[in-house]
Visitor: 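Quick one: this structure, given as structure tokens, is what I'll be asking you about.
Per chain, numbering begins at 1; letters A, B, ... match sequence-line order. Because only heavy atoms are used, hydrogens play no part in the values below, and waters and symmetry mates are left out as well, while side chains stay in.
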Amino acid sequence: MEELKKEEEKSLNFLEEIIEADLNSGKHKTILTRFPPEPNGYLHIGHSKSICINFGLAKKYGGKTNLRFDDTNPVTEDTEYVESIKQDIRWLGFEWANEFYASDYFPQLYEFALKLIRQGDAYVDDSTSEEIAALKGTPTEPGKNSPYRDRTPQENEDLFVRMKNGEFAEGSRTLRAKIDMASPNMIMRDPLLYRIKFAHHHRTGDKWCIYPMYDFAHGQSDSIEKITHSICTLEFIPHRELYDWCIEKLGIYPSKQYEFARLNINYTVMSKRKLLQLVNEKHVSGWDDPRMPTISGMRRRGYTPKAIRDFAERIGVARRENLIDIGLLEFFVREDLNKTALRRMVVFDPLKIVITNYPEGQTEQLAGENNPEEENSGTRNIPFSREIYVEREDYMENPPKKFFRLGIGKQVRLKHAYIITCNEAIKDANGNVTELHCTYIPESRSGSDTSGLKVQGTLHWVNIADAVPVKVLEYDRLFKVENPASEEGDFKDYINENSLHVIPTAYAEPAIKDAKADERFQFLRKGYFCLDTTSSSEKLVFNKTVGLKDTWAKEQKK
RNA sequence: UGCCUCUUGGUCUAAUGGCAGGACAACUCCCUUUGAAGGAGUUAGUCGUAGUUCGAAUCUACGAGGGGCAACCA
């Protein structure tokens with residue numbers, strides 16, 4: 001046992017191995033990571049993997065993590081996104097050491113550019129974007145030098161200063177690194193460092209009309225902050241050569257970049273561009289639509305930070321492409337909610353039961369535990385009387401063998417109440433069952449059952465007289481295929497148009513009236529629910545977070 | 001017909017030249033006043049070929065397959 005535990009502790013992911021090696025060799029005394037979102041959209045579950053890795057690693061090894069907004073493209077970025085990103089990170093349970101912005105470094109980055117120019121490592125190119133693309137070559141053919149490549153450092157500096165001063169039109173000139181147009185790595189074929197944009201920046205306003213590209217901002221920002229381990233996703237592997245090139249030419253602190261495989265989850269999409277499309281084209285109600293894989297969407301739906309953190313921990317960190325089953329995330333949501341959610345009974349599709357031997361006009365208060373998993377969670381009162389609702393699907397006229405619910409002559413327990421016997425089904429002119437007549441066993445009351453009866457089924461129910469009508473929103477996967485991004489054609493062709501199911505009126509036990517926005521509920525035999533942001537005291541609205549595991553539904557499919 | 005990168009049960013992920021293990025899923029059984037939760041168990045894997053080695057998931061070579069790279073995006 002002891003050995004087994006040791007064995008588990010020894011198992012490190014590749015980033016932990018690198019960090020432990022760096023710490024053991026004395027390369028670093030402590031580590032500093034960073035989470036570098038671009039404020040051009042809301043964070044999604046993929047980002048939460050990155051957040052858990054960056055903050056988690058720092059926490060594990062006694063280091064720190066900076067939050068740095070990668071705000072080098074004023075056209076797409078906005079302060080609204082900055083605020084949502086900060087809220088989401090805190091909600092996940094992490095706190096950053098410093099809040100920085102790449103735009104804080106614009107003056108320094110500008111000096112870095114001048115240094116490269118003076119060293120002969122960068123030049124101003126007057127080519128149009130089409131001309132640059134044409135000379136770039138292809139993955140299998142080398143590119144060709146730009147006709148402006150051999151300008152003198154003096155000429156380049158003069159031109160670059162004038163670019164900064166706004167003397168040239170947007171798009172008319174760029175600053176490029178002078179590396180190698182024949183490099184097998186396309187990124188190294190004289191990459192663009194700066195472009196002219198007369199756009200308003202969310203922080204620097206109109207101060208700058210040149211903006212650094214990602215490759216000339218990110219690594220240097222890491223270096224300025226003395227980030228020890230700069231962790232990013234696989235698509236930046238080819239950029240690492242340029243990352244190192246810039247640091248070397250500039251002679252600045254050598255931050256190191258390491259790459260891991262981004263998170264993919266089936267039946268959804270995981271790119272801000274695609275999520276933005278879903279929002280803009282009204283396929284969803286917004287970034288925080290409960291069907292969205294955004295952190296704000298999952299929060300609204302009722303997912304918990306712990307569930308997401310446990311999920312991130314369990315999926316691990318590696319360099320293999322992956323497509324994780326959404327069921328795994330749901331497992332962690334259930335696991336957390338099972339321990340914390342308050343139990344309530346709610347009937348979605350009511351069928352009236354008259355308990356014919358229960359005195360008319362009598363009501364008794366039964367006690368129901370708030371959470372059987374939590375000793376000190378207390379109880380709530382549940383009224384019981386002659387007329388109640390049960391779930392329509394819990395009655396069958398011709399039940400199959402293993403149907404442990406209601407049918408003529410069958411007995412079931414009403415949760416927290418009595419065992420009843422179903423005697424008669426009342427039908428309307430069309431043959432639809434309108435109500436059931438049952439009798440109860442007085443000595444079978446929950447907690448003081450002396451009937452000696454054993455029943456196989458237990459049903460949830462509500463007392464009709466004080467049932468509270470509530471609205472319930474149920475969600476299904478947003479897409480009909482496992483990996484919409486990899487399908488032929490537009491990913492939007494695969495949207496599941498039945499992903500939202502509205503139950504305008506469900507009937508809840510009276511205790512539901514005390515529901516608070518931050519509380520999580522388990523509606524017995526239904527699933528986990530929480531109040532939606534659109535809920536009001538006049539009309540309670542619940543989101544279904546995730547259903548309970550349903551062995552019966554599985555049995556029926558066979 | 002370039003360069004980079006990856007390949008372990010259905011899905012993720014361990015193994016660091018020495019017994020292929022865990023989680024989810026699936027299945028069976030037990031338990032049950034939630035067909036939930038819980039408990040016990042079962043099924044199932046190293047992309048291929050050759051080599052190195054006493055011994056290869058791990059090292060080497062070749063091959064196959066997946067992903068990425070030609071935005072004044074990050």
Visitor: Could you go through A:Phe311 and A:Tyr303, starting from their C-alpha distance and side-chain angles, then the distance that decides it, and tell me whether this counts as ring pair (Phe, Tyr, Trp, His ring centres under 6.0 Å)?
Guide: CA-CA 11 Å; A:Phe311 170 73; A:Tyr303 285 23; 9.4 Å; no

Visitor: Base, sugar-phosphate alone, or nothing: which one does A:Gly447 contact when heavy atoms must sit under 4.0 Å apart?
Guide: base

Visitor: Across the strands shown, which category fits A:Met345 at heavy-atom distances under 4.0 angstrom: base, sugar-phosphate, nothing?
Guide: nothing

Visitor: Has the side chain of A:Arg320 got a donor or acceptor atom sitting under 3.5 Å from an opposite partner on the base of B:rU8?
Guide: yes

Visitor: In this structure, how many angstroms lie between the C1' atom of B:rC4 and the CZ atom of A:Phe236, rounded?
Guide: 15 Å

Visitor: Students often get this wrong, so: under 4.0 angstrom with heavy atoms, is A:Thr174 touching a base, only sugar-phosphate, or nothing?
Guide: base

Visitor: Report which part of the nucleic acid A:Leu323 touches: base, sugar-phosphate, or nothing (heavy-atom distance under 4.0 Å, all strands).
Guide: sugar-phosphate

Visitor: Contact class for A:Arg334 vs. all strands (heavy atom < 4.0 Å): base, sugar-phosphate, or nothing?
Guide: nothing

Visitor: Identify all side-chain donor-acceptor contacts of residues 187-198 of chain A below 3.5 Å with residues at least two apart in sequence or on another chain.
Guide:
unit_1   : atom_1 : unit_2   : atom_2 : d
A:Arg189 : NE     : A:Lys136 : O      : 3.0
A:Arg189 : NE     : A:Met181 : O      : 3.4
A:Arg189 : NH1    : A:Ser183 : O      : 2.6
A:Arg189 : NH2    : A:Lys136 : O      : 3.2
A:Arg189 : NH2    : A:Thr138 : O      : 2.7
A:Arg189 : NH2    : A:Glu141 : O      : 2.7
A:Asp190 : OD1    : A:Arg149 : NH2    : 3.1
A:Asp190 : OD1    : A:Ile179 : N      : 2.7
A:Asp190 : OD1    : A:Asp180 : N      : 3.3
A:Asp190 : OD2    : A:Tyr123 : OH     : 2.6
A:Asp190 : OD2    : A:Arg149 : NE     : 2.7
A:Asp190 : OD2    : A:Arg149 : NH2    : 3.4
A:Tyr194 : OH     : A:Tyr110 : N      : 3.3
A:Arg195 : NH1    : A:Thr72  : O      : 3.4
A:Arg195 : NH1    : A:Tyr211 : O      : 3.4
A:Arg195 : NH1    : A:Pro212 : O      : 2.7

Visitor: Would you call A:Arg319-A:Glu259 a salt bridge at under 4.0 Å N-O?
Guide: yes

Visitor: Does a nitrogen or oxygen in the side chain of A:Lys554 sit under 4.0 Å from OP1 or OP2 of B:rC27?
Guide: yes

Visitor: Separation of A:Glu235 atom CD from B:rC6 atom P, in whole Å?
Guide: 15 Å

Visitor: So, A:Tyr105 and A:Glu225: side-chain donor and acceptor under 3.5 Å apart, yes or no?
Guide: yes

Visitor: Measuring only the P atom in each nucleotide, how far is B:rU11 from B:rA64? A whole number of Å is fine.
Guide: 23 Å

Visitor: Mind checking the P distance from B:rA57 to B:rC47? Whole angstroms is fine.
Guide: 10 Å

Visitor: Could you tell me whether the side chain of A:Glu259 has a donor or acceptor atom within less than 3.5 Å of a complementary atom in the base of B:rU5?
Guide: no

Visitor: For A:Leu524, which contact category applies under a 4.0 Å heavy-atom criterion: base, sugar-phosphate, or nothing?
Guide: base

Visitor: Can you check whether A:Trp552 stacks with the B:rG35 base, using ring centres under 5.5 Å and planes within 30°?
Guide: yes

Visitor: Quick one: A:Arg314 CZ to B:rA25 P, roughly how many Å, whole number?
Guide: 12 Å

Visitor: Tell me what A:Ile315 touches on the nucleic acid: a base, only sugar-phosphate, or nothing, going by heavy atoms under 4.0 Å.
Guide: sugar-phosphate

Visitor: Measuring only the C1' atom in each nucleotide, how far is B:rU46 from B:rA37? A whole number of Å is fine.
Guide: 36 Å

Visitor: Within this structure, what is the CZ-to-P distance between A:Phe198 and B:rC72, rounded to whole angstrom?
Guide: 18 Å

Visitor: What distance, rounded to whole Å, do you find between the two C1' atoms, one in B:rC59 and one in B:rG2?
Guide: 27 Å

Visitor: Measure from NZ or CZ of A:Arg173 to the centre of the six-membered ring of A:Phe168 and say whether it is under 6.0 Å with the direction within 45° of the ring axis.
Guide: yes

Visitor: Between A:Lys49 and B:rC12, is there a contact of a side-chain N or O with OP1 or OP2 at under 4.0 Å?
Guide: no

Visitor: Among the nucleotides B:rA14, B:rC72, B:rA36, which one has an atom lying closest to any side-chain atom of A:Glu373?
Guide: B:rA36

Visitor: Please report the distance separating the C1' of B:rA70 from the corresponding atom of B:rC3, rounded so that it comes out in whole Å.
Guide: 12 Å

Visitor: For B:rA15 and B:rG22, measure between their C1' atoms and round to the nearest Å.
Guide: 12 Å

Visitor: What distance, rounded to whole Å, do you find between the two C1' atoms, one in B:rC30 and one in B:rG35?
Guide: 14 Å

Visitor: Under 4.0 Å between any heavy atoms, over every strand shown, what does A:Phe216 touch: base, sugar-phosphate, or nothing? Just pick one.
Guide: nothing

Visitor: Can you see if the side chain of A:Arg195 gets near the phosphate of B:rA74 - specifically, an N or O under 4.0 Å from OP1 or OP2?
Guide: yes

Visitor: Salt bridge check: are A:Asp310 and A:Lys306 linked by an N-O gap of less than 4.0 Å?
Guide: yes

Visitor: If you compare every side-chain N and O of A:Thr458 against the phosphate oxygens of B:rU32 (OP1, OP2), does one of them come in below 4.0 Å?
Guide: no

Visitor: CG of A:Asp190 versus P of B:rC69: gap in Å, rounded?
Guide: 20 Å

Visitor: Scan A:Pro372 against the nucleic acid and name what it touches under 4.0 Å (heavy atoms): base, sugar-phosphate only, or nothing.
Guide: base

Visitor: Does a nitrogen or oxygen in the side chain of A:Arg525 sit under 4.0 Å from OP1 or OP2 of B:rA36?
Guide: no

Visitor: Is the shortest distance from a Lys or Arg side-chain nitrogen in A:Glu391 or A:Arg405 to a carboxylate oxygen in the other one below 4.0 Å?
Guide: no

Visitor: Once Watson-Crick and G-U wobble pairs under 3.5 Å are found, how is RNA chain B written in dot-bracket notation, 5' to 3', with | for any base paired to another strand?
Guide: .((((((..((((....[..)))).(((((.......)))))....(((((..]....))))))))))).....

Visitor: Taking the six-membered ring for Trp and the single ring otherwise, decide whether the centroids of A:Trp461 and A:Phe384 are under 6.0 Å apart.
Guide: yes

Visitor: NA contact type, A:Asn73, heavy-atom cut-off 4.0 Å: base, sugar-phosphate, or nothing?
Guide: sugar-phosphate

Visitor: Nearest of B:rG67, B:rC12, B:rG35 to any side-chain atom of A:Glu321?
Guide: B:rG67

Visitor: For A:Thr72, report the nucleic acid contact type (base, sugar-phosphate, nothing); a contact means any heavy atom under 4.0 Å.
Guide: sugar-phosphate

Visitor: Under 3.5 Å, is there a donor-acceptor pair between the A:His218 and A:Arg34 side chains?
Guide: yes

Visitor: Give A:Arg445 one of three labels, base, sugar-phosphate or nothing, depending on what nucleic acid heavy atoms sit under 4.0 Å from its own.
Guide: base

Visitor: Exactly one of A:Trp208, A:Tyr101, A:Phe69, A:Phe106 should register a ring pair (Phe, Tyr, Trp, His ring centres under 6.0 Å) with A:His201. Which one does?
Guide: A:Phe106

Visitor: For B:rU33, does the base pair up with any side-chain atom of A:Arg413 as donor and acceptor (N or O, under 3.5 Å, distance only)?
Guide: yes

Visitor: Taking atom C1' of B:rA74 as reference, at what distance in whole Å does atom CD1 of A:Ile85 sit?
Guide: 12 Å

Visitor: Without decimals, in angstroms, what is the distance between A:Ile187 CD1 and B:rA71 P?
Guide: 9 Å

Visitor: When we call it a touch if two heavy atoms are under 4.0 Å apart, what does A:Lys339 touch: a base, just sugar-phosphate, or nothing?
Guide: nothing

Visitor: In Å, rounded to the nearest 0.5 Å, how long is the span from CG of A:Leu323 to CG of A:Asn264?
Guide: 6.0 Å

Visitor: Decide yes or no, distance alone: a donor-acceptor N/O pair under 3.5 angstrom between the base of B:rA74 and the side-chain of A:His239.
Guide: yes

Visitor: For A:Lys197, which contact category applies under a 4.0 Å heavy-atom criterion: base, sugar-phosphate, or nothing?
Guide: sugar-phosphate

Visitor: Find the distance A:Leu342:CG to B:rA37:P and express it as a whole number of Å.
Guide: 19 Å

